[in-house]
Protein chains: 2
Amino acid sequence: MVRNDGYDKEAQLFQALAHPVRLQILDILARQEACVCHLTAVLGQRQPYVSQQLAALRQAGLVADRREGTLIYYRLADDRLAELLDQGKALAQAFHGRILTFPPLPVGVLDNCPCPRCQAA
Amino acid sequence: MVRNDGYDKEAQLFQALAHPVRLQILDILARQEACVCHLTAVLGQRQPYVSQQLAALRQAGLVADRREGTLIYYRLADDRLAELLDQGKALAQAFHGRILTFPPLPVGVLDNCPCPRCQAA
DNA sequence: TACAATCATGCAAAATTTTGAATATTCAAG
DNA sequence: CTTGAATATTCAAAATTTTGCATGATTGTA
């Protein structure tokens, strides 16, 4: 069976990336794996909404997950994804003719996150 | 005025790439600039449809155009776009777990294209 | 001016995506 | 086996995108 769906699959990848919240999630995961509650706290969005975006990323194969007790940690499925995101930022800047600014991604522990990593202190 | 729309702009770029026909157009233009009639012939799509996809790419800043008489030649607005597309193909393959195949892009002149380059023979 | 060729735009129906809210699932602890 | 915490799923309304088709605009030429 000969298929020719290369452009369809490539388009699906870019479609998964065509959403600001999903891009921010991927940027967070590019630095370190994170559980859903951590992502929820960083993004300031409701948990079901974050889970939905994670489901989209999971179905596209961009992220992988790992359960630890009741927490589920997500990570990038492929390190090359971080490069693709960097290239995307650079080109978006070029096409827009100005420096784009991104919200700061807090590093380390979060007050409003219940996961063990953040409550360790 | 402080903006934080980096992810919005990045998402707009990926959105412009999230379409198989637009991806194929960009792959054609990555090799050489081409007029609308040439793209129409290669893609086997109707001319207004091709013009619409070109308009989407133009509004996103991904392509530039140049008029020569009644013909309009399109080209990539930035060479780094070709690299991004290559990375996208590589990752789409990785995420899909198999070799993706793409329709062959004819090189050289086309029988069914009326532009001077193709009618030179 | 008229005509032909090339390309762009406008518009509406169909399809898809996004978003919010309610509810379901899974796991650990008691 | 019940409860609480973390996460996932479902569903429908709203918003956006896609697609096909008709028409408009621009250029070159007679």
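Because the structure is predicted, anything quoted here is derived from the model rather than measured. Throughout, protein chains are lettered first and strands after them, A, B, ... in sequence-line order, and every chain is numbered starting at 1.
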Short N/O separations, protein against nucleotides 15-18 of chain D, under 3.5 angstrom:
| unit_1 | atom_1 | unit_2 | atom_2 | d |
| --- | --- | --- | --- | --- |
| D:dT18 | OP1 | B:Arg22 | NH2 | 3.4 |

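- For A:Arg80, the salt bridge (charged side-chain N to carboxylate O under 4.0 Å, His left out) partners two or more places apart in sequence, or in a different chain, are A:Asp78.
- Counting heavy atoms from C-beta on, the side chains of B:Leu105 and B:Gln24 come closer than 4.5 Å.
- If you check every strand for non-hydrogen atoms under 4.0 Å, A:Pro48 touches a base.
- Under 3.5 Å, the side chain of B:Gln47 and the base of C:dA8 form at least one donor-acceptor pair of N or O atoms.
- Among residue pairs with one or both ends in residues 68-95 of chain A, none qualify as ring-ring contact (aromatic ring centres under 6.0 Å, His included); sequence neighbours excluded.
- The listed nucleotides are D:dT7, C:dA8, D:dT9; the one nearest the side chain of B:Arg58 is C:dA8.
- When the ring pair (Phe, Tyr, Trp, His ring centres under 6.0 Å) test is applied to B:Tyr49, no partner is found at least two apart in sequence or on another chain.
- Closest contact between the side chain of A:Cys37 and the listed nucleotides D:dT7, D:dA22, D:dA6 involves D:dT7.
- Within residues 62-78 of chain B, the residues that place at least one heavy atom under 4.0 Å from DNA chain D are, in residue-number order, B:Arg67, B:Gly69.
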Kindly list each side-chain donor-acceptor pair under 3.5 angstrom involving residues 37-44 of chain B, sequence neighbours excluded, with atom names and distances?
| unit_1 | atom_1 | unit_2 | atom_2 | d |
| --- | --- | --- | --- | --- |
| B:Thr40 | OG1 | B:Val36 | O | 2.8 |

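- Every side-chain contact (heavy atoms from CB on, under 4.5 Å) that A:Pro48 has, sequence neighbours left out, goes to A:Arg46.
- Screening residues 11-22 of chain A for side-chain hydrogen bond (donor to acceptor under 3.5 Å, both in side chains) gives A:Arg22-A:Gln53 as the qualifying pairs, with residues at least two apart or on separate chains.
- Residues satisfying the salt bridge (charged side-chain N to carboxylate O under 4.0 Å, His left out) criterion with B:Asp8, sequence neighbours excluded, are absent altogether.
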